[in-house]
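Shown next, in structure tokens, is the structure this report addresses.
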2 protein chains.
Amino acid sequence: MVPFEIEGDGPSRRRLILAEATRIFLEKGFSATAMSEVAKASGIQKASLYHHFPSKEALFVACATNGFADALADLEAIRNDPDLGDDDRLRRAVDAVYRINLDSACGQMAPLIAEVSRTIPTVARAFYEGFIYKQHIVMGGIIDDGLARGSFVTRERLGLEQMIFGPIVSLALEREMFAAFDDVDAVRPVDQIREEHATLLLRLMKGDTETTRATRVPKGAP
Amino acid sequence: MVPFEIEGDGPSRRRLILAEATRIFLEKGFSATAMSEVAKASGIQKASLYHHFPSKEALFVACATNGFADALADLEAIRNDPDLGDDDRLRRAVDAVYRINLDSACGQMAPLIAEVSRTIPTVARAFYEGFIYKQHIVMGGIIDDGLARGSFVTRERLGLEQMIFGPIVSLALEREMFAAFDDVDAVRPVDQIREEHATLLLRLMKGDTETTRATRVPKGAP
DNA sequence: GTCTATACAAGGATAGAC
DNA sequence: GTCTATCCTTGTATAGAC
């Protein structure tokens, strides 16, 4: 019933509630989710929910800050794999970021965080520091290593990071926006986009800067 | 009080309600917005709201589908300006897409559409067809013209479009996510990102493909 | 078109027995 | 830890006078 794992080894009842609540929050949003529905899905009475979580807000925070470590594990393993060349490492890291943001529960949380950002600011902070920022750190390390080894050549570090994460984060948002469409993939075919995205990124990072600069000044050139 | 214009020349009271409702929806989301608050902000009684809009849902649909034409006008003018070179045209179009998605009310609606996508599917469809799809069409036309004139060289059209819109759409989402932060621009400095983004895009489209392919096979090279 | 008053449902949260 | 029962607030929406 729940398509993802809830991490931790606490009491199983609590974990079941977290899983069901996460699923319903993702489907309906924070405000539109009723505690009674979470209770029903978890097979207990509404009042019993309040034994495990003191409030709806606390339940949401628990859902929204759960599973960070699991979701990021793949990416960190790729960063530390000594057998990978820099190009392969980057390509695999991009694939991992797609999985993290499109397939994991945390990734799908992003639009929800936007919804509650002003009423529960702490959850936005936790989401940023524990999930988003860490992805940028790991990816930044991969790029830095490639630069140091001469595999990559690039200025515009900030713009480059945005061109790595932006297309992926926007895909996650658009999936939610078009969730009611008959076939979401017709609007945004993820597999094809992912392939072309990685190809374009590598082309940007393989150091065509000199030739580009040369071809861009035809005016004064002889 | 309301930072953007509501288009149309209907009764001013209706336009005032639309403007205030849009502002509050953007700040609190759909479910968390109360009709009583919209009424108070508009200076009328709650019951009077229902004379202008039959339901909260209808009010939201009106807000979410208002102002498309105004928001897109700049971009369409840039596409049709005969005095622009292709590179300048692209750069200005990118700037326009930043303004459209970050500064206009419609652009800021995106996370909200995600929130209500499943409960009001019609609004997601209207938003896609009237706002998102049209931006892609215009930008696609600009790219096609540049390709036809030989100003641009690129395969991976789909990936390229995602690399144009993705970083911008994700910025809009992240602005909402980090709305409660002290200084959002510290997390994502929009001005710098926009400049680097446009530069990287132009580099991708200026046809370094041959040289890139040449430098990418150093193994067999002497 | 705007108001006052109200119907009616649903939601979050608590009390207290077992 | 879980239950039943209940409190209290808020929300959408309507009725009907002016």
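- OP1 or OP2 of D:dT2 lies within a sub-4.0 Å distance of a side-chain N or O belonging to A:Arg13.
- Ring-plane geometry between B:His136 and B:Phe165 is classed as parallel, the angle between the planes falling under 30 degrees on a 0 to 90 degree scale with a further cut at 60.
- Between A:Arg194 and A:Asp191 there is a salt bridge, since a side-chain N of the basic residue sits under 4.0 Å from a carboxylate O of the acidic one.
- Between the NE2 atom of B:His52 and the P atom of D:dA13 there is a distance of 16 Å, given to the nearest Å.
- A donor-acceptor pair under 3.5 Å is absent between the side-chain atoms of A:Arg99 and the main chain of A:Ser104, judged by distance alone.
- In this structure, CE of B:Met35 is placed 14 Å from P of C:dC3, rounded to the nearest angstrom.
- Backbone-only engagement by A:Thr33 is indicated by non-hydrogen atom pairs under 4.0 Å involving sugar-phosphate atoms exclusively.
- B:Phe181 and B:Phe178 have parallel rings, their planes meeting at less than 30° on a 0 to 90° scale where 60° marks the start of perpendicular.
- Put simply, B:Ser48 has a side-chain N or O that comes within less than 4.0 Å of OP1 or OP2 on C:dC3.
- B:Phe60 has its CZ atom 17 Å from the C1' atom of D:dT12, to the nearest Å.
- For A:His51 and D:dG1, the shortest distance from a side-chain N or O to OP1 or OP2 is below 4.0 Å.
- If you take NZ of A:Lys56 and C1' of C:dG12, they are 8 Å apart, rounded to a whole angstrom.
- The listed nucleotides are C:dT2, D:dA13, C:dG12; the one nearest the side chain of B:Tyr50 is D:dA13.
- Rounding to whole angstrom units, NZ of residue A:Lys40 and P of D:dT2 are separated by 19 Å.
- Note: CD1 (B:Ile44) to C1' (C:dT4) measures 14 Å, nearest angstrom.
- Note: B:Tyr133 and B:Tyr128 have tilted aromatic rings, judged against thresholds of 30 and 60 degrees for the angle between ring planes.
- The CD atom of A:Gln45 sits 17 Å away from the P atom of C:dT14 (whole-angstrom rounding).
- The CZ-P distance, from B:Phe53 to D:dA13, rounds to 13 Å in whole Å.
- Side-chain proximity of B:Ala34 to the nucleotides C:dA5, D:dG11, C:dA13 is greatest for D:dG11.
- In terms of polar N and O atoms assigned as donor or acceptor, the side chain of A:Lys46 comes within less than 3.5 Å of the base of C:dG12 in a complementary pairing.
- Nearest-nucleotide mapping onto DNA chain C: of B:Gly43 and A:Ser31, the residue sitting toward the 5' end is B:Gly43.
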